Amino acid sequence: MKWKDTTTYSRDEVPRVPRSWTLALEGLNITVVKCHIYLPHTCIVHCYELGIDTVPLTEAKTAEDAQRMAVAMVREKVNKWHNALKGLK
């Protein structure tokens, strides 16, 4: 998995410390944001393709924790849908 720094930096921001990362998969983007404007001490996850929007990851202690939790959340939702579709003919 390759997470890309997608932080929007101001022109004069030094040092540039990443606060937002996106994992771009085929047709699916998972974004983790640290220090969200409404939740400054909590990481959040977005995955618009699956309807996940600004979900707090309150248990995450590091950006890496948040990224793992975000992938697990997406995987859980996809597996739930996959299992629901298995029974259809």
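What you see is a predicted model, and the numbers here were worked out from it, not measured in a lab.
- Between Leu85 and Leu88, some side-chain heavy-atom pair lies under the 4.5 Å cut-off.
- With sequence neighbours left out, Glu13 forms a side chain to side chain donor-acceptor pair (under 3.5 Å) with Arg19.
- Using a 4.5 Å heavy-atom cutoff, the side chains of Met73 and Val55 are in contact.
- Tyr48 pairs by the ring-ring contact (aromatic ring centres under 6.0 Å, His included) definition with His46, not counting sequence neighbours.
- Residue pairs meeting the side chain to side chain donor-acceptor pair (under 3.5 Å) criterion with at least one partner in residues 72-83, sequence neighbours excluded, are Asn83-Lys86.
- What you find for Ile30 and Trp3 is that their closest heavy atoms are O-CZ3, 3.4 Å.
- Looking at residues two or more places apart in sequence or on another chain, you find a side chain to side chain contact (heavy atoms under 4.5 Å, CB included) between Val17 and Pro15.
- Applying the side chain to side chain contact (heavy atoms under 4.5 Å, CB included) test to Ala63 and every residue at least two apart in sequence or in another chain returns Trp21.
- Here Ile44 is tied into one hydrophobic group with Val33, Leu39, each link being a pair of ILVMFWY side chains closer than 4.5 Å.
- Nearest heavy-atom pair, Leu28 versus Cys47, reported as atom, atom and distance to 0.1 Å: CD1-SG, 3.4 Å.
- One distance of note links OH of Tyr9 with CZ of Arg16; it measures 7.0 Å at 0.5 Å rounding.
- Judged as a salt bridge (charged side-chain N to carboxylate O under 4.0 Å, His left out), the pairs with a partner in residues 41-65 (not counting sequence neighbours) are, in order, Asp65-Arg68.
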Practice problem: Please assess Ser10 against Asp12 for the test side-chain hydrogen bond (donor to acceptor under 3.5 Å, both in side chains), listing each intermediate value before the final yes or no. | Solution: CA-CA 6 Å; Ser10 64; Asp12 301 325; over 6 Å; no
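- The two residues Thr42 and Pro56 have their closest heavy-atom pair at CG2-CB, 4.0 Å.
- Residue pairs meeting the side chain to side chain donor-acceptor pair (under 3.5 Å) criterion with at least one partner in residues 25-34, sequence neighbours excluded, are Thr22-Thr31.
- Residue pairs meeting the ring-ring contact (aromatic ring centres under 6.0 Å, His included) criterion with at least one member in residues 49-71: none, sequence neighbours excluded.
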